[in-house]
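Here the structure is laid out as structure tokens; the discussion comes afterwards.
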Amino acid sequence: MYRACGDFSESYRNDMRLIRTRWQWAALILLAVGLLLYPQVAGGAWTRFATVTGITIVAVIGLQILVGLSGQVSVGQSAFMGVGGYFAAIAAARLGVPFPLPILAGAVGATLFGMLFGLPAARIKGFYLALTTLAAQFIFEFSIVRLPAGWFGASAGIAMPTPVIFGTPINTPEGFYYMVLPFVVAACFAGVFILRSRLGRAFVAVRDNDLAAEVTGINVTYYKVVSFGIASFFAGTAGALLAYENRFVHFEQFTLFESIWFLGMLIVGGMGSILGAVLGAIALRLVQELLMIGGPVLVGYLPGARYDIAFPLVNVVLGTTIILFLIYQPRGLAHIYRKGERFFRLWPFPH
Amino acid sequence: MHDVVAFADRPGAGSAAELLSVANIEVRYQGTILVLKNVSLHVAPGEIVALLGSNGAGKSTTLKAISSLIQSEEGRVTEGAIRFDGMNIENDDPVRTVRRGVVQVMEGRRALEHMSVEQNLLVASAATRMNKAAIRRSIEEVYALFPVLAEFRNRQSGYLSGGQQQMMVIGRALMTRPKLLLLDEPSLGLSPLLVSTIFEAIARINREIGTAILVVEQNARVALKHAHRGYVLENGRIVMEGTRAELLNNEDLKEFYLGIGASGSAKTYRDIKHYRRRRRWLG
Amino acid sequence: MTLEIVLRVLYTGVTTGAIYAAVAVGFNVIYRSGRVFNIAQGEMVMIATFMMVALMGAGFSPWTALVLSGIGMALVGLAVERLVLRRLVGQPEMALFMATLGVLLVMNGLGHILIGAEPQIFPELFGRDRWRIAGVNVRESVLVGTALIVALIAGLAWFFNATRTGLLMTAVAESHQTARSLGVNVRASIAVSWAVSGVISTVAAAVFMGGRMVSGDVASIAFVALPVVLLAGLETIGGVLIGGIIVGVGQAAAARWLDPLTEGGASLIFPFALMLVLLMIRPQGLFGWKHVERI
Amino acid sequence: AQETYRIVSLLDYSGPFANRGTPVEQMQRLLVDWYNETRGAERGIVLEFEPVDTGYDQAKTVQAYERAVQDPSLIGIVTFGSPNVIAIQNRLPENRIPAVHGGPAYSLMEPGSWVFTPLNDYARYYAAAVDWKLASWEGADPLKVAFVTFDGSSGRDWAAVFQTLIADKNAELVLSEFISPRALDVAVNAERIMDEDPDMVILATTDQLQPLILGELHASGFDMTRVVNSQHEGLALLAMLGVAPEVYEGTYEVTSENYVDQTTEAYQIYDARKDRYQSRWSADTLLHFPSIVVLLDAIDRAAEKAGGARIDGAAVYAELANGTFDGRGLLQEIKFQNDVDPTLGVRSVVMLQQRDGKIETVSDFLPLAE
Amino acid sequence: MNMSRQTDELLGAQVRTAPAPVLEVRNLELSFGALRALDDISAEVLPGEILAIVGPNGAGKSSFLNSVNGFYRPSRGTVRFMGQDITGRRASEIARLGIARTFQNIQLYLGMSVLDNLLSGRHIHSSGGVLQALLRPWGMRDEIRQRAAVEEIMDFLELQPHRHTPVGTFGYGIRKRVDLGRALAMEPKLLLLDEPMAGMTMDEKEDMVRFILELRAQRGMPILLVEHDMQVISEIADRVVVLDWGRHVATGAPAEVLRRPEVVRAYLGGE
Ligand SMILES: Nc1ncnc2c1ncn2[C@@H]1O[C@H](COP(=O)(O)OP(=O)(O)OP(=O)(O)O)[C@@H](O)[C@H]1O
Ligand SMILES: Nc1ncnc2c1ncn2[C@@H]1O[C@H](COP(=O)(O)OP(=O)(O)OP(=O)(O)O)[C@@H](O)[C@H]1O
Ligand SMILES: [Mg+2]
Ligand SMILES: [Mg+2]
């Protein structure tokens, strides 16, 4: 988007390249090293925080493709995640399928479920569609509980076995971190690739003007369903990872509130950009974590204040953050980041 | 190029009190995009003035600047003044502008599509603070002007044909009892028969009610048939102004807006293959 | 015997349907004016509940509390409009929707802070009598509440369709720019709709909460009422009453005859299923506006 | 020397049970403070009490837990709801930290668990109530029982276990009714109950539903002495939930908590300090009374054994696994058997009844099924 | 399709005298509720022909185009395109078969640049779903090919100076041109243009006419044109179909048809 002057692209190929400058390479390598060393310095709780944030990133990138790219707002992402978790649990706990195949099972199971909820998109549009995804949440809970306990464990949930990778059981925060990291990286790349592909352009076309899309040969219904599928594939992967990390799947883990949070992450991060999904997920999880730690401390300083004030504050702060971003920075953190990056890259000669 | 034109065509217009005067305005969108530069124009009471210009010249922006409707697109008059009836109205509240007697019919026939024709008319009476009987009378006047509307008064307006909608939105604007009617491309997408019907109605409004009209129109032939004077806007500047007669005799205007070739005969599209764009007034 | 059961299902269906309608009409009043789908409507009901509880706790009579919190909620509605949505004018509808998600979170947090720890029961404001009529257990508070809601919605429908101000607000619903060009004060119109919606949520709360435990969970009534909103259509006012009754009666019937088969829960899913099926047939809902698409 | 240890309480300040968070926390604080002031002071032990919100959510619980175990002085955890147990039961043995659960036991608790549950599985309570009723049952037909609960994981868990427990009794389960926690109206559920004309109705719902269903049954002229309330929505709580006393006059409660008896040490501790805390002596807070007291007792015994040396979670675990407890008189004797069945806490319950606006004990202690 | 092409070749001689129509519409009928928007309309577009449809507002011209390209589903009648029955198929499918169109109220991606708008027209000429997207580094060559095709069209329509500008900032004239450009990017075998010159000044119309005539001259592209400007129609259309109230009024050469009294009365008015 923003390129420094003098950095002309010689050909279409260059014009389309993802990473253009040496600095970008350097930054990328630095980031990779940082990610690898992180658990060594962070300690258990912060490592687990990173793991969960990573899992969130996977789910939010999926939602970004659905909402930011294809323009179909969904409040069902958390339910799709749940389906992924359950399918993974069935594969791992009931059928004894070894890691990482249950994750694929989760992703595929969620994809099918998600596409089912994409089908009404053929006729239903806008808010009407967004709110029909609400039904996904209710149907998910309803079905899990009512299907025979032998299927999804009914109300008891399913315990996940410890994943074993190359003969090593994964049961420490560090282990889970390294287990999840490749998936997060893969999700980021997949997101960027989809964004810049023919598929991504078709999604954007559907979002911006479905009539025009249809008339240029884009089967709008098909692409809407596919984008639901992709979003749920990401959600399913995330759900499966979360099942391993939590060592348990239970339908109460996957709430409507979580879906709302995911949407908040998109807003804070920035719509339509993968970087935005990543930054939004990190930012909101961080706010949540810091408030959980800091809230009680804060309350300690306020005479007469009770603990039950500290915790609901998380929602107050979050809601306020979302609103402030919408008003003052509707393009989200990704936009701020890019502006900053541009500034530093051109420094000390900003033109 | 900014000739001072005497209103030869219009008896009594002279330098008498002007209804609207736009003086050297500059308009920007979002604080940065400069669209109008130093635009001045005026409309006398009872006058029909045409505003011509190619696409993107800033015609709609001019009208919206007068009616203050640019505000909802983050536009502002950043220089100059707009006076109507002796008051400054630039960057005013659009609702107040309507109350003062300036109403705009926006391009593209904005029917309130889920409301009936009559409800559309009723909505427009809001600004006037008329009593029931007066509203009724106004509605009947509109029906008299456009008898089709009376026939379809209870029809959902979204399902009217384009021509009927155009009549409705003009009639609707009249419900606000304007002194100045701003029309944006009333002939857009209408069939030839309807174009003349609409313009005849515009002329009647002007004649019978005495409403002054500033009309933006691409179809220069029709516009100049009814207008007393006209302006040409290019790239956000007024590049020409004059009476009907003056404009109709201008070579550039003939070539670019009326389709009359240098030879004086009507140009045909068949022989434009090697045509090169050129605009003398930009040169 | 069977007639009795049918009567009971109808009674339950109509009275719960009326509550759904009361919540749903709060959504629609706002949507019509500002094209804002206010997902925080349930939280408005919750705040209204606490306002009334607090006022009654402070010694006001129930009816005074109702009126005062009606005024209070109108102010809350105005505040949300003023502080959040007015600053987002011109943004796409989805951005406005997201903003109300933010409002939802804020109100949800504040609600939990306000709740306090004591479990409290919300009084039955509209009478405490219970009668048995034709084999149906009828509660006075429910009957009066239902009547109140019906009157409220009928009044709103009349207001929007027959009065001049209502007509102007409908014009605003169609297009802000067009309404503005005709001299309609769009801002005022939107602000009024938020205030009205605040009042509606107070009435909804008063009726819905009668005899119930007060908790932060009250807000979830909005999600239960959502199928009614979509089924009836986002722009309708009077239509929500019909939508509410359809959903309410359907749900009561599902509770009577389907729940035993599914061990409960069927009645919870039923409104969503009905909504999905109906929207597949009529994507704009029963009474929603269908955009005339001229391509 | 003074040794400082930390106890973390995982509880709900948000989510569906948010309204219980503060009173429970206050009761727990009261008890921790009581310990610090009395025996803690004698032994030179200071216990820090830290409540954390988990919002009835597993993911939040895990994160709160991981934060908690960062602190090396952590020696025990008390938990609040089933999501807490689900989330941490696999992790505790690795970190060698024991937890004591405040709510009832669930079938999802796994053998070998480091989560100890002073209460037993509610389903066994209900089965014991059936036994008590059967003892005086003179009807020719089996006792007709209707089981009414809420449509949630705990409700379903109770229903399933309850069904198996009464299978070989002279009782017939004529109805299992699951009511949605979001139900606006419970008339139809009440109708179904009455249609079955049960001799006994076990009501195990939620704070929101219980008042509604009691009201509906009462209004329909149902014989309220056939109704047995669960300990969760105990008689003492019903008044607070705003149910008019005449509505539930005559109904019973089956409970393992001897809370009517004001001579127990448990009540004395509470009574002496209640003014300084925003708590109450009622079903919701009493549910979480035994858990913290049992943990405190175990800590105290471990410290006594260590004789002034520092103790750790494993030492507390050993006390929990091997000792006997009674929640300072609030419960009967508890001997945990987590290796066999972690749902076995207290072994007996008692029947209470609402009579003339007062709660009375109407039975001896009844043994629970194994 | 292959079949018909073969027969065309076999019947070569005949084809030259009476070429098989590119588009053949028979007895089309379309209703909106009680309103009959199209009533038994038949028409055909011959190879390389510009066929104009004229008629008063609401006559059903756009509805006719919409029925051809699949936005509306006719209740009766058939639409055959290059010998294939395409009645009632999905619009996207018909687009793939080679029918492109523009809209009377321009439908563009307002937030995208001119370049991206035109690229979106290349959708049917590229391939690739989820998997190709993930294997992106190997899909670059295709991207480059699409870009090349689009650059050519931008040259033709003189859009080069605007290539990176978002379309939303343009006025009507350029938007209409971008709309046409996107249709051309599809390399259609038949082009449907709905009022391509509405709202243009004389001299912008000239540009548009020039593009249309060049398209026909260079590529022999058959065009179905809806337009209200009679001067344009009479000068560039080969044949004209006149509709009124959903009914067929006349078909024939413009010079002849536009003089008929019933056409003048209903449509043109006495100027
Ligand atoms: N909301 C806006 N934000 C930014 N730029 C705008 C906006 N509206 C118009 N413009 C720009 O201002 C210029 C003038 O636009 P305007 O609509 O006034 O032209 P016009 O003469 O009415 O053209 P047309 O004949 O196409 O209607 C154009 O270049 C247009 O791109
Ligand atoms: N989607 C629709 N729903 C209902 N009626 C429609 C729809 N589309 C078109 N119509 C009606 O069908 C008739 C024909 O409309 P159409 O748009 O085809 O006319 P047209 O000849 O293109 O007119 P114009 O010159 O104004 O574009 C009109 O009466 C119109 O109101
Ligand atoms: Mg314009
Ligand atoms: Mg048309």
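Note on naming: letters A, B, ... go to the chains in the order of the sequence lines (proteins, then strands), and numbering restarts at 1 for each one.
- A side-chain donor-acceptor contact under 3.5 Å links Asn28(C) to the backbone of Gly233(C).
- Side-chain atoms of Arg35(C) never come within 3.5 Å of backbone atoms of Glu93(C) as a donor-acceptor pair (strictly under, hydrogens ignored).
- Checking Gln41(C) against Ser197(C) by side-chain atom types alone, a donor-acceptor pair falls below 3.5 Å.
- Phe257(A) CZ: more than 12 foreign heavy atoms inside a 6.0 Å radius.
- Within residues 269-276 of chain C, the residues that have a heavy atom under 4.5 Å from a heavy atom of chain A are Ile269(C), Phe272(C), Met275(C), Leu276(C), listed by number.
- Contact count versus chain A (heavy atoms, under 4.5 Å) is highest, among Ile39(C), Leu234(C), Leu268(C), Leu226(C), for Leu234(C).
- With a threshold of 4.5 angstrom between heavy atoms, Leu230(C) approaches chain A through its backbone and through its side chain.
- For Leu83(C), the part sitting under 4.5 Å from any heavy atom of chain A is the backbone (N, CA, C, O) and nothing else.
- Ranking Leu263(A), Thr321(A), Leu131(A) against chain C, the residue ahead of the rest is Leu131(A), based on heavy-atom pairs under 4.5 Å.
- Checked against the 6.0 Å centroid threshold, Phe97(C) and Phe127(A) count as a close aromatic pair.
- In this structure, the side chain of Thr236(C) does not engage the main chain of Gly288(C) through any donor-acceptor pair within 3.5 Å.
- Per-residue counts of heavy-atom pairs under 4.5 Å with chain C were compared for Phe325(A), Phe138(A), Trp261(A), Tyr128(A); the largest is that of Tyr128(A).
- Inter-residue side-chain proximity for Gln137(A) and Phe223(C) is flagged as unmet; no heavy-atom pair is nearer than 4.5 Å.
- Considering only heavy-atom pairs separated by less than 4.5 Å from chain C, the leading option among Leu266(A), Val317(A), Leu324(A), Leu256(A) is Leu256(A).
- Between Phe117(A) and Phe80(A), the ring planes lie tilted relative to each other; the angle falls in the 30° to 60° range.
- Put simply, of Val67(A), Leu211(A), Leu119(A), the one with the most heavy-atom pairs under 4.5 Å next to chain C is Leu211(A).
- Between Phe251(A) and Phe140(A), the ring centre distance reaches or exceeds 6.0 Å.
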